[in-house]
Each structure stands twice: as structure tokens, then as C-alpha cells.
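All heavy atoms count here, side chains included; hydrogens, waters and symmetry mates do not. Residue numbers run from 1 in the order of the sequence given.
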Amino acid sequence: MKKNSLKIFIILSLAISSGAAYTAPISEDAAICYKFLNDKLVNKSTCIVSNGYGAGGSYTTIEQGKSTYSIETEMCYKAKTDEYEECGTSLNNFQAKFYYRDLFYKKITDMSLVTDNSLKCYITNNKKIDICYK
């Protein structure tokens with residue numbers, strides 16, 4: 001009995017420390033993914049986009065071929081507004097930002113031009129990873 005209790009404790013501890021106990025999947029959808037390098041399209045293919053949330057933020061995972069892109073968005077409490085706001089995004093553990101592209105692959109700077117057909121994109125601050133999906 002003592003060994004079984006220890007095994008259960010270890011398994012639960014690993015699950016909690018890995019975040020598995022704190023995440024909740026929202027969706028998993030087939031999509032088209034677009035990989036850019038220096039604003040030039042270098043790869044377009046089908047992919048799987050998974051979304052979820054957990055304690056303190058949300059996540060998106062993109063599986064494109066043999067590549068996996070893990071995006072985490074942190075939420076921070078703002079006492080002045082008494083609300084939570086996005087306060088940091090990472091892509092494969094590098095600081096990143098979210099943006100949109102149009103159907104001609106141009107970056108959208110005017111948010112009034114964003115539509116349901118716009119590509120949702122993430123780019124690392126060092127510009128080594130630039131991935132979009134729709």
C-alpha cells in the first residue's frame with residue numbers, strides 16, 4: 001500500500017508541475033499554415049491548430065509537418081482597472097508578438113481591415129520564427 005501511494009503522489013506531482021493539471025483544451029482544428037522568412041512566404045501547408053487556457057493565460061499549438069510551434073500568452077492582473085490583460089507572448093520560448101496578414105500576405109496595420117479571412121500570425125522578436133494560420 002505504501003509503494004502505491006508513493007507512485008500516485010509522484011504521478012500527480014509530475015502532472016501538476018508540467019501544467020497538465022491546469023490546462024483545459026478549447027479546440028483542435030485543421031487549418032492552413034503559412035511560414036514566412038523576411039516577409040516572404042516559404043511554406044504553405046495543412047496543419048493542426050489547438051487552443052486552450054490554464055492558470056494565468058492561454059496557449060496555441062500549431063503542428064505543421066514535423067514542426068511544432070508552441071505559443072503561450074500570459075495574463076496579468078491590473079489593479080487600476082481591476083481586470084486581467086495580456087502581458088506577454090512567447091513562441092517556442094522566445095518573446096513574440098501577435099499580428100494579422102491579409103490574403104495577399106501583407107501585414108495589416110489598420111485593425112479596421114481585419115476580417116474573418118485574415119491570417120492570424122505570431123513572430124518572435126528576433127524574427128527567426130514567423131508563422132500564420134487560417
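Residue Y69 holds its OH atom at 3.5 Å from NZ of K35, rounded to the nearest 0.5 Å. In this structure, CZ in F94 is found 6.5 Å from CD1 in I129, a value given to the nearest 0.5 Å. With rounding to the nearest 0.5 angstrom, the CG atom of N51 is 8.0 Å from the OG1 atom of T61. E85 CD to K78 NZ: the interatomic distance, rounded to the nearest 0.5 Å, is 5.5 Å. Expressed to the nearest 0.5 Å, how far CD of E63 lies from SG of C33 amounts to 10.0 Å.
Surrounding CD of E72 are at most 12 heavy atoms belonging to other residues, nucleotides or ligands under 6.0 Å away. Enclosure of atom OH in Y77 by more than 12 non-hydrogen atoms of other residues, nucleotides or ligands within 6.0 angstrom is indicated.
Tracing side-chain contacts under 4.5 Å through hydrophobic residues (I, L, V, M, F, W, Y), one never reaches Y59 starting from I71; they form parts of separate clusters. Hydrophobic cluster membership is shared by L119 and I32, with clusters built from Ile, Leu, Val, Met, Phe, Trp and Tyr side chains linked at under 4.5 angstrom. Criterion: ILVMFWY side-chain heavy atoms under 4.5 Å apart, direct or through other members. Under it, Y122 and M75 are not part of a common hydrophobic cluster.
In terms of the ring pair (Phe, Tyr, Trp, His ring centres under 6.0 Å) criterion, residue partners of Y100 (sequence neighbours excluded) are, by chain and number, F98. For S118, the side-chain hydrogen bond (donor to acceptor under 3.5 Å, both in side chains) test picks out no residue, with sequence neighbours left out.
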Practice item. Check the pair Y99, D130 against side-chain contact (heavy atoms from CB on, under 4.5 Å), reporting the backbone distance first and the verdict last. Key: CA-CA 10 Å; Y99 71 99; D130 189 355; 2.4 Å; yes

Point to revise | Working for ring pair (Phe, Tyr, Trp, His ring centres under 6.0 Å), residues Y34 and Y105 | key: CA-CA 9 Å; Y34 307 78; Y105 310 137; 5.6 Å; yes

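Using a 4.0 Å cut-off between charged nitrogen and carboxylate oxygen, K134 and D29 do not count as a salt-bridge pair.
Cysteines C76 and C87 are disulfide-linked, with SG atoms closer than 2.5 angstrom.
No side-chain heavy atom of I123 sits less than 4.5 Å from a side-chain heavy atom of F36. Counting heavy atoms from C-beta on, the side chains of E74 and T89 never come closer than 4.5 Å. Looking only at side-chain heavy atoms (C-beta outward), K40 and L37 stay at 4.5 Å or farther from each other.
Pairing each heavy atom of T124 with each of N126, the nearest pair is OG1-OD1, 2.6 Å.
Among residue pairs with one or both ends in residues 104-124, those qualifying as salt bridge (Lys or Arg N to Asp or Glu O under 4.0 Å) are D39-K107; sequence neighbours excluded.
For the side-chain contact (heavy atoms from CB on, under 4.5 Å) with I62, the qualifying choice from T68, V49, L91 is V49, the only one to do so.
A side-chain donor from one of S45 and Q64 sits under 3.5 Å from a side-chain acceptor of the other.
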